[in-house]
2 protein chains.
Amino acid sequence: MLSKKTKYAFHALTFLGKVGNKKPALIQDISEAYGISHKFLENILLELKKAGILGSKKGKGGGYYLIKDPKDVALSKIIRLLDGPIALVPCVSINYYEPCIECKDEATCGLNKVMIKVRDEMLNVLENKTLADILEKE
Amino acid sequence: MLSKKTKYAFHALTFLGKVGNKKPALIQDISEAYGISHKFLENILLELKKAGILGSKKGKGGGYYLIKDPKDVALSKIIRLLDGPIALVPCVSINYYEPCIECKDEATCGLNKVMIKVRDEMLNVLENKTLADILEKE
DNA sequence: ACAAATCCTATAAAAAAGATAGGGTTTGTG
DNA sequence: CACAAACCCTATCTTTTTTATAGGATTTGT
């Protein structure tokens, strides 16, 4: 399951996508819209900013806004940023690869093989669906 | 990612599948084969037994053995048993459904829609691939 | 000058996962 | 029968991860 962090990120991005046009929205407004703790959301938005997805403006009239075109923000990007690997086992992760400690030989591991298949099917959706697809359906 | 519990379950099932023919194998032997703690694995095998996937025999010459035909053990079954939901958000889980607290209206939630798609693609693999597929590739 | 708002980092609290402990029960064998 | 082998069961402990909070620093508009 996705962490709350990631889910909240998606909701916040959706909120900002609806506001649109680089108009800054307040953390406050987003957190109230979804009943998310202000401070928790603050950390999340900051990460999204550092990743180049959001921009921000300080002081009165400030807030966060979407920098990227929603159709250029793949779901996979957000998940990887906040949750880490998408794959179900580390030994088939593309971005967070690690050998499985209990596995002596990856080449002859049957689990490895089927998990590659699962990963590919997940990525097929998550890399191709974007924030724009979420917005379109709201 | 899958928990270690689930990964270990897959490895243990593979081990037992290779032994085959309802010949009981010792916890000890499985745990040594993969470097898994004996006691931790014991709990896992017990759960698999309670779920009707494994059988066991006590006393000398005892152990655990596969009750089911490997091709009747879908990967999804093992994951759900030990890890819970396969879906990435609770509001699209088939077996562990829960509404998302931050979501006011599921019907108009864009995230919900794309996550149904992800879930279906995952299930398409996980319901159709079985222990037999893992065994075949080892 | 002041207030509004983000920025930053640290820490606390809660939950989940991983691991261990230890006695109970069943069963084969001499 | 006695005994040892092996699973059965449930509780607890430890570690890690996740979730949440705290509090001051910095920037900016009026």
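Sequence lines set the chain letters: A, B, ... in the order given, protein chains first and strands last, and positions in each chain run from 1. Since we're looking at a predicted model, the values are computed, not measured.
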Peer 1: Calculate the interatomic distance between Leu16(B) atom CG and dC7(D) atom P; express it in whole Å.
Peer 2: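 These atoms are roughly 11 Å apart.
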Peer 1: Between the main-chain N or O of Asp133(B) and the side-chain N or O of Lys113(A), is there a donor-acceptor pair closer than 3.5 Å?
Peer 2: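 Side chain of Lys113(A) to backbone of Asp133(B), a donor-acceptor pair under 3.5 Å: no, none is there.
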Peer 1: Examine Ile94(B) and Tyr96(B) and state if one hydrophobic cluster contains both, with Ile, Leu, Val, Met, Phe, Trp and Tyr joined whenever side-chain heavy atoms are less than 4.5 Å apart.
Peer 2: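 No, Ile94(B) does not connect to Tyr96(B) through the hydrophobic network.
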Peer 1: Roughly how many Å is it from CD in Glu47(A) to C1' in dC8(C), rounded to a whole number?
Peer 2: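 Going from Glu47(A) (CD) to dC8(C) (C1'), I get 12 Å.
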Peer 1: Considering only heavy atoms, which members of residues 53-70 of chain B lie under 4.0 Å from some atom of DNA chain D?
Peer 2: Ser56(B), Lys57(B), Lys58(B), Gly59(B), Lys60(B), Gly63(B), Tyr64(B)
Peer 1: Rounded to the Å, how far apart are Leu45(B) CG and dC8(D) C1'?
Peer 2: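 Spelled out: CG on Leu45(B) to C1' on dC8(D) is 12 Å.
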Peer 1: May I ask you to establish whether Lys104(B) and Tyr34(A) are in a cation-pi arrangement, using a distance under 6.0 Å from NZ or CZ to the six-membered ring centre and at most 45° from the ring axis?
Peer 2: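 Judged by the rule (NZ or CZ under 6.0 Å from the ring centre, within 45° of its axis), Lys104(B) counts as positioned above Tyr34(A).
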Peer 1: Does Asn128(B) use its side chain to pair, donor to acceptor, with the backbone of Asn124(B) at less than 3.5 Å?
Peer 2: yes
Peer 1: How far does NZ of Lys117(A) sit from CG of Leu88(A), to the nearest 0.5 angstrom?
Peer 2: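 So the gap between those two atoms works out to 14.0 Å.
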Peer 1: Could you go over nucleotides 13-15 of chain D and give all protein N or O partners under 3.5 Å, atom names and distances?
Peer 2:
none

Peer 1: Grab the NZ-C1' distance between Lys49(A) and dC7(C) for me, whole Å please.
Peer 2: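 So the NZ-C1' distance, Lys49(A) to dC7(C), works out to 7 Å.
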Peer 1: Determine, stepwise, if the pair Lys71(B) / Thr130(B) fulfils side-chain hydrogen bond (donor to acceptor under 3.5 Å, both in side chains).
Peer 2: CA-CA 5 Å; Lys71(B) 75 175 192 310; Thr130(B) 68; over 6 Å; no
Peer 1: Nearest whole Å is fine: how far is dT9(C) C1' from Glu42(A) CD?
Peer 2: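 Roughly 11 Å, once rounded to whole Å.
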Peer 1: Spell out, as yes or no, whether a donor-acceptor pair under 3.5 Å connects the side chain of Arg119(B) to the backbone of Val92(B).
Peer 2: yes
Peer 1: Could you give the CD-to-P distance, from Glu32(B) to dA6(D), as a whole number of Å?
Peer 2: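 Going from CD in Glu32(B) over to P in dA6(D) covers 12 Å.
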Peer 1: In whole angstrom, what separates Leu82(A)'s CG from dT19(D)'s P?
Peer 2: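 Between P of dT19(D) and CG of Leu82(A): 11 Å.
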Peer 1: Between the protein and nucleotides 17-20 of chain C, list every N/O to N/O distance that falls short of 3.5 Å.
Peer 2:
residue : atom : partner  : partner atom : Å
dG18(C) : OP1  : Lys4(B)  : N            : 3.3
dG18(C) : OP2  : Lys4(B)  : N            : 3.2
dT20(C) : OP2  : Ser37(B) : OG           : 3.2
dT20(C) : O4   : Asn43(B) : ND2          : 3.0

Peer 1: Would a distance-only check, ignoring hydrogens and angles, find a side-chain to backbone donor-acceptor pair under 3.5 Å from Thr6(A) to Leu2(A)?
Peer 2: no
Peer 1: Are Leu82(B) and Phe40(B) in one and the same hydrophobic cluster, where Ile, Leu, Val, Met, Phe, Trp and Tyr link if side-chain heavy atoms are under 4.5 Å apart?
Peer 2: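 Same cluster: Leu82(B) reaches Phe40(B) through Ile, Leu, Val, Met, Phe, Trp or Tyr contacts under 4.5 Å.
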Peer 1: Is there a donor-acceptor contact under 3.5 Å linking the side chains of Thr108(A) and Glu138(B)?
Peer 2: no
Peer 1: Can you measure from CG (Leu41(B)) to OH (Tyr64(B)) and round to the nearest 0.5 angstrom?
Peer 2: 8.5 Å
Peer 1: Need one value for Ile27(A): base, sugar-phosphate or nothing, where a base atom within 4.0 Å counts as base even if backbone is also close, heavy atoms only.
Peer 2: sugar-phosphate
Peer 1: At 4.0 Å (heavy atoms only), tell me whether Leu26(A) reaches a base, stays on the sugar-phosphate, or touches nothing.
Peer 2: sugar-phosphate
Peer 1: Check every strand shown and say whether Lys50(A) touches a base, only sugar-phosphate, or nothing at a heavy-atom separation below 4.0 Å.
Peer 2: sugar-phosphate
Peer 1: Check the distance between dA5(C)'s P and Gln28(A)'s CD and give it to me in whole angstrom.
Peer 2: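 That distance rounds to 9 Å.
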